[in-house]
Amino acid sequence: MAKKNKLLLIDGSSVAFRAFFALHNQLESFKNRNGLHTNALYGFHNMIEKILKEENPTHALVAFDAGKTTFRTEFYPEYKAGRAKTPREFTEQMPYLRELLKGFGIYYYELENYEADDIIGTLSAQADEKAFDVVVVSGDRDLTQLAKDNVKVDITVKGVSETKTYTVESIKEEYGIAPLQIIDMKGLAGDKSDNIPGVTKIGEKTALTLLQEYGTVEGLYEHIDDMKKSKRKENLINEKETALLSKKLATIIKDAPLAITLNDLVYNGPDTKKLIDFYKEMDFKSHLNRLDTSELEETLEANRSDIQFQKVTILTDEMFKDNQSIYVEMLTDNYHTAQVVGISWGNEEKIYACEPEVAFHSDIFKKWAEDGHSKKKTFDSKRTYVALKHHGIELKGVVADLSLEAYLLDVKDNSSDLAAIAEEYDYFDVATDESVYGKGAKRKVPEDKEQLYAHLARKIKAIAILCDQLMEKLEENQQTELFTDIELPLANVLADMEMAGITVNSKRLEEMKGEFAEKLQELEQKIYAEAGETFNINSPKQLGVILFEKMGYPVIKKTKTGYSTAVDVLEQLQDQAPIVAYILQYRQIAKIQSTYIEGLLKVIDKKTGKVHTRFSQTTARTGRLSSVDPNLQNIPIRLEEGRKIRQAFVPREENWRIFASDYSQIELRVLAHVSDDQHLKEAFIEGQDIHASTAMRVFGLEKAEDVTPNIRRQAKAVNFGIVYGISDYGLSQNLGISRKEAQQFIDTYFEKYPGVKQYMEDVVREAKDKGYVETLFHRRRYLSDINSRNYNLRSFAERTAINTPIQGSAADIIKVAMIQMEKALKASDLRATMLLQVHDELIFEAPEEEIETLEKLVTDVMEHAVALSVPLLVESDNGKSWYDAK
DNA sequence: GATCTCACG
DNA sequence: ACGTACGTGAGATCC
């Protein structure tokens, strides 16, 4: 049986208007790159998408109002008068609404002298005759008069993607009348929004009562004489003309002279190409990404120009010149272990690709790659550098790195997929890796090798074109130096550190594993005994049931999905619940066991006994590095049991040492510098204990001896809070004090450090004006929520505005130090090697006899990497393992 | 894949 | 009246 016809009729004008005001409070965040507002388009889009999915219509139309004058204004010029002027921000979106509808493949129509309602009413009647199902969508409740057995009317509520459905039954239920009587109701009660007058003193309620008795306006006047004398009766009689006029105004026409028929409205689904173009134009990135990727790919594929490249097996001098791009393809993330599957290079005009072995065995390739005078562009230079280095080729002359450039321009653009970055800059002539290689277990080089090389060739072209574009943008942002002098050279420094790797004593880890396994078993038994049953302690869900249902302990905090069993909660239960201490111990050890012992053992290179982390240079929004696979930036130190893990991190040779240097209070020093607060600066210049100094000022203590450990702890928490963008709540939680007390601390702090207060106000103000904040070296972070009407989002953005320049400038500083450090080590005859960076510290390994020299060198480099208005202070230690280096 | 928890600065 | 400290990565569970 054929599918039943279903006609979708949308009142475009009213829905668009509703969408505009529904997202009005976010008006300024809905803008495309040309400054066009897009909130109404966005809301309208989502409504259509939802309704199409729900209703699956065979026919569809969006009707618009044609203009201000209609047949209604002819006989009643005041109709819809007195409305506020349509905002310009709304009007400017209307032409694009039509583009959107073309994308959806939905016909739209407007008719001179008629309103959208009348088009809908007419088509609804026609469809009704042909036994279609009809769905009407509008933001205007007038349309409910069209409801019939096979016609339902969806009226938008709150936003626009949510609707309330009116049917014959539901209208009966809600108003006690039939849909057509809605017109009579308007006749009597009028409608303020449309400036339909109605009868004096009659509102919706009264009108409904009257209609229940008399049926229609006409019916009412037929029986008006039966009505007992009243002011209301008088009004009704006096205003009969008005009532009839009002009814006429409210009546939707069912025979408008349309130039279209139902057959014109057949709905065949969206035109993906047009939809994609629309999304791009509007910067609707989430929609772009959400589109069925295969569909998207197909469309983009169809649009993609042929790529000219040469697949070569013999490399010649002519193929290599200055200013080319190079790309080394690997299908897995970890470039330390990945296999290279293809190599491509060239410039915009001429592109080459070859099998890895061809390049690896070519002296010509090696000579070019290692020639520092031969400038090269890349996408992820660290990855490229390491891959080549594994094959004895030391890549030099890199002057551009698309991945890093995109990250500096916007820290959100940190995808490892070149196509995703390219798309951000409206470059679509390159496929995503997923579309070429597949994902997950199915990821592989395509059967047809031609496809692989064509893909690599497209990457070269994209790198060639986009690197130049992005470099220009960096220059506009004053970020050229950040890129050229810091991030790009740092990539090589990090590559060397990663490749050096750090030696891990797996025997030591295995020993610990055994000990911890025993402890875990003991704790497990104790927990089961207390609980009276066995369960999975690692499952917060099961643990929650045991603690809060079976054992009946009070629920202190909830998560989205159930009871919270986090440390702070468990600690509060400790006194009344003996089981909790065991659970806390179990958690602690289980964490060490799984993450640090088993996790680390898994990634040790069997041959060399080393682990090679990867430092991500494009992950952290503040400009910090991150470390993955394994993460060597979160090796335990705070608690002794975990700290022992560090005993397994040892130098690569006998009689060498692990040497560690860390910046003392770098973030507070940065704050002193950027805020130019006299008192904070003074404390650092005079070499005071900063937390004690804060304690004395904030708590009004005269002598250093008055600073008790507890007072110092509180001051330290305040200092941390300041750096994080303090809130009374956060500080109160941290210190276990009341919000009021916390607020008192903050107030006093700001009184005593007015420069800091001023800085915070300034940086937030600037963020609100410019939409981003910057570090000392012009690292930039956009804060899209900084002007949000949503308190939470805005507050978060404000704290971020305060924290990012501090955390990010500290990151800048240590990066500079690392670059200088590697240079200094190379220039010296030291064998010492830089191995790790942990945000404010650098870890080295070095022969015992070099330690003294190394300490001087590292201290000097780190302390003088950048000149601030306060000194930078570095503290160092060394030992036979990382554990022993303090 | 989302959620929770916890390790670090 | 709102519900938060800033920045990360990884393992285990559960759907």
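If you're wondering where the values come from, they're calculated on a predicted model, not measured in any experiment. Residue numbering restarts at 1 for every chain, and letters A, B, ... go by the order of the sequence lines. When reading the values below, keep in mind they use all heavy atoms of this one structure, side chains included, and skip hydrogens, waters and symmetry mates.
Taking the P atom of each, dG3(C) and dA7(B) are spaced 29 Å apart, rounded to whole Å. Nucleotides dA1(C) and dC6(B) place their P atoms 34 Å apart, quoted to the nearest Å. Between the P atoms of dT3(B) and dT4(C), the separation comes to 15 Å (whole Å).
The phosphate of dC14(C) (OP1 or OP2) has a side-chain N or O of S539(A) nearer than 4.0 angstrom. For dC6(B), the OP1/OP2 oxygens have no side-chain nitrogen or oxygen of N634(A) closer than 4.0 Å. When the side-chain nitrogen and oxygen atoms of S727(A) are compared with OP1 and OP2 of dG3(C), none of them lie within a distance under 4.0 Å. Between R799(A) and the phosphate of dC6(C), there is a side-chain N or O to OP1/OP2 separation shorter than 4.0 Å. Residue S564(A) places at least one side-chain N or O closer than 4.0 Å to OP1 or OP2 of dT5(B). Phosphate contact (OP1/OP2 of dG9(B), side-chain N/O of R638(A), threshold under 4.0 Å): present. Contact between the side-chain N/O atoms of R624(A) and the OP1/OP2 oxygens of dG9(B) is not found at any separation under 4.0 Å. Under 4.0 angstrom from either OP1 or OP2 of dC2(C) there lies no side-chain N or O belonging to R794(A). Distances shown here put a side-chain N or O of K541(A) below 4.0 Å from the OP1 or OP2 atom of dC15(C). Between S795(A) and dC2(C) there is no side-chain polar atom (N or O) within less than 4.0 angstrom of OP1 or OP2.
A donor-acceptor pair shorter than 3.5 Å cannot be found between the side chains of Q633(A) and S627(A). Counting only N and O atoms by type, the side chains of R739(A) and S732(A) include no donor and acceptor under 3.5 Å apart.
Where G730(A) and A620(A) each meet DNA chain C at their nearest nucleotide, the meeting point lying more 5' is that of G730(A).
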Practice problem: Apply the test side chain to side chain contact (heavy atoms under 4.5 Å, CB included) to residues V816(A) and D812(A): give CA-CA distance (whole Å), side-chain angles for both, the deciding distance (0.1 Å), then the verdict. | Solution: CA-CA 6 Å; V816(A) 172; D812(A) 294 347; 5.5 Å; no

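At the heavy-atom level, T800(A) lies under 4.0 Å from the strands shown only through sugar-phosphate atoms. L625(A) comes within 4.0 angstrom of no nucleic acid atom, judged by non-hydrogen atoms across all strands. D662(A) comes within 4.0 angstrom of nothing in the nucleic acid, heavy atoms only. Residue Q542(A) is in sugar-phosphate contact alone, with no base atom involved, counting any heavy-atom pair closer than 4.0 Å across all strands shown. Residue contacts for T619(A): at a heavy-atom cut-off of 4.0 Å it reaches the sugar-phosphate backbone alone, with no base atom in range. Across all strands, V723(A) comes closer than 4.0 Å to no nucleic acid atom at all (heavy-atom distances). Using a 4.0 Å heavy-atom distance criterion, G725(A) is classed as making no nucleic acid contact. Within the nucleic acid shown, N734(A) comes within 4.0 Å of at least one base atom, counting heavy atoms only. I635(A) comes within 4.0 angstrom of the backbone, heavy atoms only, and of no base. Looking at heavy-atom distances under 4.0 Å, A717(A) makes contact with a base.
When each of dC8(B), dG7(C), dA10(C) is scored by its nearest atom to the side-chain atoms of F796(A), the top-ranked nucleotide is dG7(C). Checking dG3(C), dG11(C), dG9(B) against every side-chain atom of I637(A), the shortest atom distance belongs to dG9(B). Distance from the side chain of P540(A) is smallest to dC4(B) among dC4(B), dG9(B), dT8(C). For R587(A), the listed nucleotide lying nearest its side chain is dT5(B); candidates were dA10(C), dT5(B), dA5(C). In the set dT8(C), dA7(B), dT5(B), dT8(C) carries the atom at the smallest distance from any side-chain atom of R621(A). Residue L731(A) has its side chain nearest to dA5(C) when only dA7(B), dG7(C), dA5(C) are considered. For S594(A), whose side chain is taken as the heavy atoms from C-beta onward, the closest listed nucleotide among dT5(B), dG11(C), dG9(C) is dG11(C). In this structure, the nucleotide among dT5(B), dA7(B), dG7(C) sitting nearest to the side chain of T559(A) is dT5(B).
Ring pair F720(A)/H691(A) is parallel by interplanar angle, where below 30° counts as parallel and above 60° as perpendicular. Ring geometry for Y772(A) versus Y782(A): interplanar angle over 60°, hence perpendicular rather than tilted (30 to 60°).
Rounding to whole angstrom units, CD of residue Q807(A) and C1' of dC8(B) are separated by 12 Å. Atom CZ in F720(A) sits about 15 Å away from atom P in dG7(C), given to the nearest Å. One atom, CD1 of I589(A), and another, P of dC6(B), lie 14 Å apart when rounded to the nearest Å. Taking atom CZ of residue R779(A) and atom P of nucleotide dC6(C), one finds them 20 Å apart after rounding to whole Å. Rounded to an integer number of Å, the gap from CZ of R643(A) to C1' of dA7(B) is 14 Å. Between the P atom of dG11(C) and the OH atom of Y596(A) lies a distance of 10 Å, rounded to the nearest Å. If you measure from atom CD of E598(A) to atom C1' of dA7(B), you get 16 Å, rounded to the nearest angstrom. Between I722(A) atom CD1 and dC6(C) atom P there is a gap of 14 Å when expressed in whole angstrom units.
No cation-pi contact links R799(A) to Y724(A), judged by a cut-off of 6.0 Å to the six-membered ring centre and 45° from its axis. A cation-pi arrangement is present between R614(A) and Y335(A), with the terminal nitrogen or guanidinium carbon under 6.0 Å from the aromatic centre and inside a 45° cone about the axis.
Between the Q585(A) side chain and the Y582(A) main chain, no donor and acceptor come within less than 3.5 Å of each other.
Put simply, the side chain of R739(A) and the base of dG3(C) share a donor and an acceptor less than 3.5 Å apart. If you check distances only, the side chain of Q633(A) never reaches the base of dC8(B) with a donor-acceptor pair under 3.5 Å. No N or O donor and acceptor, one from the side chain of Y724(A) and one from the base of dG7(C), sit under 3.5 Å apart.
Summarising the base pairing, dA1(C) is matched to no nucleotide, lacking a Watson-Crick or G-U wobble pair whose two defining distances lie under 3.5 Å.
In this structure, K519(A) places its NZ atom where only 12 or fewer heavy-atom neighbours from other residues, nucleotides or ligands lie under 6.0 Å away.
Remark: ring of Y729(A) overlaps the six-membered base ring of dT4(C) in a stacked fashion, centroids less than 5.5 Å apart, planes less than 30° apart.
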